[in-house]
Amino acid sequence: MIWGLQHNWTKSTTAHTFTSISDDVFQLAGGFKGGRIWATPNANDVAAAIALRAHKSGLKTIVFVNTKADAVGTAKRIAGELGEAVVLNESEVSLWDALVLELGDAKHSIFGEPNFGAVPHNSSMLRLERALSERLFRRSDGARVIVATPTLAQGLNLPAHLAILAGDKRSSATDGKREALEAHELLNAAARAGRAGHLANGVVILIPEPITMFKPGAALNADLKGKLKSVLPEDDRCVTITDPLEVVLDRVMEGKLDDRQVTYTINRLVALSAADVDIASTDNLMSRSFGSFLAEKKKKQDDYLKKVEELWDFAKEAVENDPQAVVLLVASQSGLPLDLLEKLRVRLTTELGNLPTTIEGWVGWVFTWLKEDADACEHLLRDVEKSAISAAGKKAGIPARCCCS
């Protein structure tokens, strides 16, 4: 492992050092074809092995993996190797009981065998499951390892002694090819190791992809410098701060109203639109955004406010049919389109008296609804379509369509 000793580590041969993190042998992966042999990092298994060694040294570890399925599988593997059952306290028992009640049986929980020595954390988990994982890891005598996805790193207030980044690439959502994680994802994940007011020190281990070769004591080669610079820039500048709202406003001005980020933002604004918020007010929510601050600095505030007004116009247009309060509330909380929620409300109202009364019945009802409402299926399942298709034993590369079909 290479340790950086100062932020401008490339300027001096004494600004980095080499050390071994373990005397164990870590199993890599790889292949052989046409007389050529190659090695791959086997990042998840190597990360799990390091986490297990860290546990023996009394360290709490957070492991970041690329996919939600990896988070669950790696956590189960580590928990099985730890072989230590964590006893739930009173508040955790309440969460677990509520989770079992909601699922109908403990066997349906994402935790599998609930010994809780290592727990997963990703956006597909139920709220109760995420809350239980966080409480268990935060407790000093609770879970020793938590396995999460990088996209949740920024929202995790779970300081650890050790953060392990299992790879710095992921499969592209468009073509399936390997692509580099964004700098802010790596930095946010790395920042979980040690936190002011919690842990004075922390260690970050990055398992790179592809495997990076180096000789201890020798000068850093170009490949190694390039890999380190992607995470640790020489000027110690982390990431450029931007306002996500600016991207949405630009796409609105370009007429890209079908863009998912645009539709989500508009649907979140419908409740404020229904309340007839003054779009021209300097106290407007968006006028106090970071994007507005940047526009003022660049003396482009008029252009920025014009974009904001157009966004609000689309939000107001969405509520012209005077939707019911409950539909507005759910739209503002979920970002789902008003027309989709209104159709769902009508469907529920029409079937009053004949609605299911069991979990199994509601599961069947939901699948029937999604089969008959293509728009609902698209909005609710687009992000998980590939994993759902794979879970059903079908190839993820089948022609794109709603996975409920």
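- The distance from the NZ atom of Lys300 to the CG atom of Leu294 is 11.0 Å, given to the nearest 0.5 Å.
- Here the shortest heavy-atom pairing between Arg130 and Ser123 reads NH1-O, 3.5 Å.
- Environment of CG in Asp105: crowded, with over 12 heavy atoms of neighbouring residues, nucleotides or ligands closer than 6.0 Å.
- Atom CG of Leu162 sits about 10.0 Å away from atom CD1 of Ile62, to the nearest 0.5 Å.
- Residues passing the ring-ring contact (aromatic ring centres under 6.0 Å, His included) test with Trp362 are Trp365, sequence neighbours excluded.
- Tested against Val346, the residues Thr349, Leu348, Leu344, Thr350 include a single side-chain contact (heavy atoms from CB on, under 4.5 Å) partner, Thr350.
- Distance alone, capped at 3.5 Å, places no donor-acceptor pair between the Glu102 side chain and the Leu99 backbone.
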_side chain to side chain contact (heavy atoms under 4.5 Å, CB included) evaluation trace for Glu92 with Val86_ = CA-CA 11 Å; Glu92 293 160 355; Val86 175; 5.6 Å; no

*Output, in order, the C-alpha distance, side-chain angles, deciding distance and verdict of side chain to side chain contact (heavy atoms under 4.5 Å, CB included) for Trp38 and Lys33.*
CA-CA 9 Å; Trp38 65 90; Lys33 185 176 182 180; 3.9 Å; yes

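- Taking OG of Ser94 as the start and CZ of Arg135 as the end, the distance is 8.0 Å to the nearest 0.5 Å.
- For Phe116, the ring-ring contact (aromatic ring centres under 6.0 Å, His included) partners at least two apart in sequence or on another chain are Trp96, Phe111.
- Side-chain atoms of Ile207 and Phe26, non-hydrogen and from C-beta on, never get closer than 4.5 Å to each other.
- Looking at every heavy atom in both residues, Val63 comes nearest to Ala51 through CG2-CB, 4.1 Å.
- Contact record, Ile78 with Ala118: CG2-CB, 3.7 Å, taken as the closest heavy-atom pair.
- For Asn42 (side chain) and Gln27 (main-chain N/O), a donor-acceptor pair under 3.5 Å exists by modelled atom type.
- Annotation: salt bridge (Lys or Arg N to Asp or Glu O under 4.0 Å) contacts involving residues 346-361, sequence neighbours excluded, comprise Arg347-Glu351, Arg347-Glu372.
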_Pair Thr149-Thr67, side chain to side chain contact (heavy atoms under 4.5 Å, CB included): steps then yes or no_ = CA-CA 6 Å; Thr149 49; Thr67 69; 5.7 Å; no

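- Between the side chain of Asp45 and the backbone N or O of Leu28, no donor-acceptor pair lies under 3.5 Å.
- In this structure, the side chains of Ser22 and Ile50 stay at 4.5 Å or more apart for every pair of heavy atoms.
- Pairs engaging residues 329-338 under the salt bridge (Lys or Arg N to Asp or Glu O under 4.0 Å) rule: none recorded [sequence neighbours left out].
- Scanning all heavy atoms of the two residues, the minimum distance from Asp70 to Val147 falls at O-CG1, 4.4 Å.
- For Arg345 and Glu342, the salt-bridge test passes: some basic side-chain N is under 4.0 Å from an acidic carboxylate O.
- Between the CG atom in Asp373 and the NZ atom in Lys343 there is a gap of 4.0 Å [rounded to 0.5 Å].
- Considering CG of Leu52 and CZ of Arg144, their distance stands at 12.0 Å, rounded to 0.5 Å.
- Side-chain N or O atoms of Glu129 include one that pairs as donor or acceptor with a backbone N or O of Ile110 at under 3.5 Å.
- Take Ala143 and apply the side-chain contact (heavy atoms from CB on, under 4.5 Å) test, not counting sequence neighbours, and it matches Val119, Leu136.
- Residues in residues 49-63 take part in these side chain to side chain donor-acceptor pair (under 3.5 Å) pairs, two or more places apart or across chains: Asp24-Arg53, His55-Glu84.
- Distance check, rounded to the nearest 0.5 Å: NZ of Lys297 to CZ of Phe293 gives 4.5 Å.
- Scanning all heavy atoms of the two residues, the minimum distance from Ala48 to Arg77 falls at CB-NE, 4.5 Å.
- The two residues Lys307 and Met253 have their closest heavy-atom pair at CG-CG, 3.5 Å.
- Checked by atom type and distance alone, the side chain of Ser133 pairs as donor or acceptor with a backbone atom of Pro120 at under 3.5 Å.
- Of the possible polar contacts, one joining the Asn122 side chain to the Met125 backbone as a donor-acceptor pair under 3.5 Å is found.
- Here the side chains of Leu101 and Asp97 are not in contact, with every heavy-atom distance at 4.5 Å or above.
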